[in-house]
Protein chains: 2
Amino acid sequence: MATDSPAGEPPPGGQRVDARRNRQAVLDAAAEVFVTSGVDAPIRRIAARAGVGMATIYRHFPTRADLVTAVYRHQIEACAEAGPRLLAEADSPFDALRRWIDLFVDFLVTKHGLADALRSEDDRFAALHSYFLDRLLPVCGQLLDAAVEAGDIEAGTRPYELMRGIGNLCIGHENDPRYDPRRLIALLLQGLRQPPAP
Amino acid sequence: MATDSPAGEPPPGGQRVDARRNRQAVLDAAAEVFVTSGVDAPIRRIAARAGVGMATIYRHFPTRADLVTAVYRHQIEACAEAGPRLLAEADSPFDALRRWIDLFVDFLVTKHGLADALRSEDDRFAALHSYFLDRLLPVCGQLLDAAVEAGDIEAGTRPYELMRGIGNLCIGHENDPRYDPRRLIALLLQGLRQPPAP
DNA sequence: TATTAAGTGGAGCGATGCTCCGTTTTCCTG
DNA sequence: CAGGAAAACGGAGCATCGCTCCACTTAATA
């Protein structure tokens, strides 16, 4: 708690060099392990891979969610920053929304178990949930509002609901060629569309 | 394996009375525990509640999924049987599909963690997955086909995809008043709808 | 009643999450 | 450049849980 801010930003400079080195080693190891074993990988394994003790991981990242957010922080930021950009360069607000959701889905789909973790009621993941929401909800809301204002979609859909739904739809697509989240998400967006004025 | 069929039907009569009694005790205890602690509740707890040893549970229900399906078997059957009935009595095939999905969602939403278990990649739940699919997929397919044939919805959506999506959308709604799966499912259905012929 | 096989229960093993605390390392100060 | 305080470390240790194994109990049968 005292050594790291919850959202996983790089810590302030007042740390010992060994602490900083270990922190980075843990981050690197976690990134590797997450790819093969998902974000639920045993802490022991990450610690072993990083060549540190378990306590070191817990000290730097009190919660599993802190570790996960730290590992994926750059990609989450990129996704957040893409929102306004897409809104500016896309053909329509609806198109921007669609393309932004594509980015979000790409991100979720390539991280084993991330979508599962996101919706988890497990307290260990509460901070992950919060970080995603804090960072991406406003972006999603902005896109939704713009699409509503342009008359592309009906009003009344809240960003939280939409993002939760998309996250949920991305769960468990691995090892199941019969299930393609993107098709359903496209359907969802289709349903969101404003029926053309009579 | 030798004492129970995978889908959780009542076993054939050739059992000792104590075995039959214990089986029922386990079923009752599991039903109670599932309500409060979800379908992930520790086997130990269910065993304690039923007043039996853990091995007794594992002997009757080799897999957690077997226990879960046995507990909910009647409701799954009811849902399966409702399909054709709705198709006969609803205003349109699309209406039947909508009402059937309502039933399915009601079922999922009232069982803590059931939706989670359904999509789980955990091998322990493979049989649960199979049972749901075997029993409900044909029903869903029939409703979809009818709706397509009536021109209510576009062709090309496979039952498996739809059911997986609905199941996924039902995950994690508990303790979160901001998330209502039904709204998103309605949106999904809306997207499925055939745009009225020009 | 005696025999037997079906049935039972819980100790025990391995895996995992998380903490506690004695030890080591860094860094600052005199 | 010592020397000591504080920061950081690491892994043993406890708790929980899934699942198995096997000595014991009990119902059915001859």
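Everything numeric in this text was worked out from a predicted model, so none of it was measured. Numbers restart at 1 for each chain; the letters A, B, ... are given by sequence-line order, proteins then strands. Basis for what follows: all heavy atoms, side chains included, without hydrogens, waters or symmetry-related copies.
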Next item on the list: Go along nucleotides 16-21 of chain C 5' to 3' and tag each nucleotide: B for a protein heavy atom under 4.0 Å from its base, S when only backbone or sugar atoms are that close, - otherwise.
Entry: BBBBB-
Note to self: I'd like to compare against my own output: the B/S/- annotation of nucleotides 25-30 of chain C with a strict under-4.0 Å heavy-atom distance to protein.
What the structure shows: BBS---
To the nearest Å, give me how far apart [atom1] ([X]) and [atom2] ([N]) are.
X        : N      : atom1 : atom2 : result
B/Asp122 : C/dA15 : CG    : C1'   : 14 Å
B/Ile57  : D/dC17 : CD1   : P     : 14 Å
A/Ile46  : D/dG10 : CD1   : C1'   : 16 Å
B/Asn22  : D/dT25 : CG    : P     : 16 Å

Margin query: Between B/Tyr58 and B/Leu67, does the side chain to side chain contact (heavy atoms under 4.5 Å, CB included) criterion hold? Intermediate values first, please.
Written below: CA-CA 9 Å; B/Tyr58 281 107; B/Leu67 180 55; over 6 Å; no
Margin query: Please identify which of these residues, B/Ile76, B/Asp66, B/Val68, meets the side-chain contact (heavy atoms from CB on, under 4.5 Å) condition with B/Tyr131.
Written below: B/Ile76
Please report the interatomic distance [atom1]([X]) to [atom2]([Y]), rounded to the nearest 0.5 Å.
X        : Y        : atom1 : atom2 : result
B/Glu161 : A/Arg178 : CD    : CZ    : 11.0 Å
B/Asp180 : A/Arg158 : CG    : CZ    : 8.0 Å
A/Thr56  : A/Asp18  : OG1   : CG    : 9.5 Å

Notebook entry, point to check: Near A/Glu174 CD, under 6.0 Å, is it more than 12 heavy atoms from other residues, nucleotides or ligands?
Noted result: yes
Item checked: Below 4.0 Å: OP1/OP2 of D/dC9 and any side-chain N or O of A/His60 -> yes
Next item on the list: Tell me whether the OP1 or OP2 atom of D/dA8 has a side-chain N or O from A/Thr56 closer than 4.0 Å.
Entry: no
Next item on the list: Give the intermediate values and the outcome of salt bridge (charged side-chain N to carboxylate O under 4.0 Å, His left out) for residues B/Arg119 and A/Asp116.
Entry: CA-CA 10 Å; B/Arg119 61 80 205 166; A/Asp116 297 61; 2.4 Å; yes
Taking distance alone, no hydrogens or angles, what donor-acceptor pairs closer than 3.5 Å link side-chain atoms of residues 97-109 of chain A to residues at least two apart or in another chain?
unit_1, atom_1, unit_2, atom_2, d
A/Arg98, NH2, A/Asp95, OD1, 2.2
A/Arg99, NH2, A/Glu89, OE2, 3.3
A/Trp100, NE1, A/Cys79, O, 3.0
A/Asp106, OD1, A/Arg182, NH1, 2.6

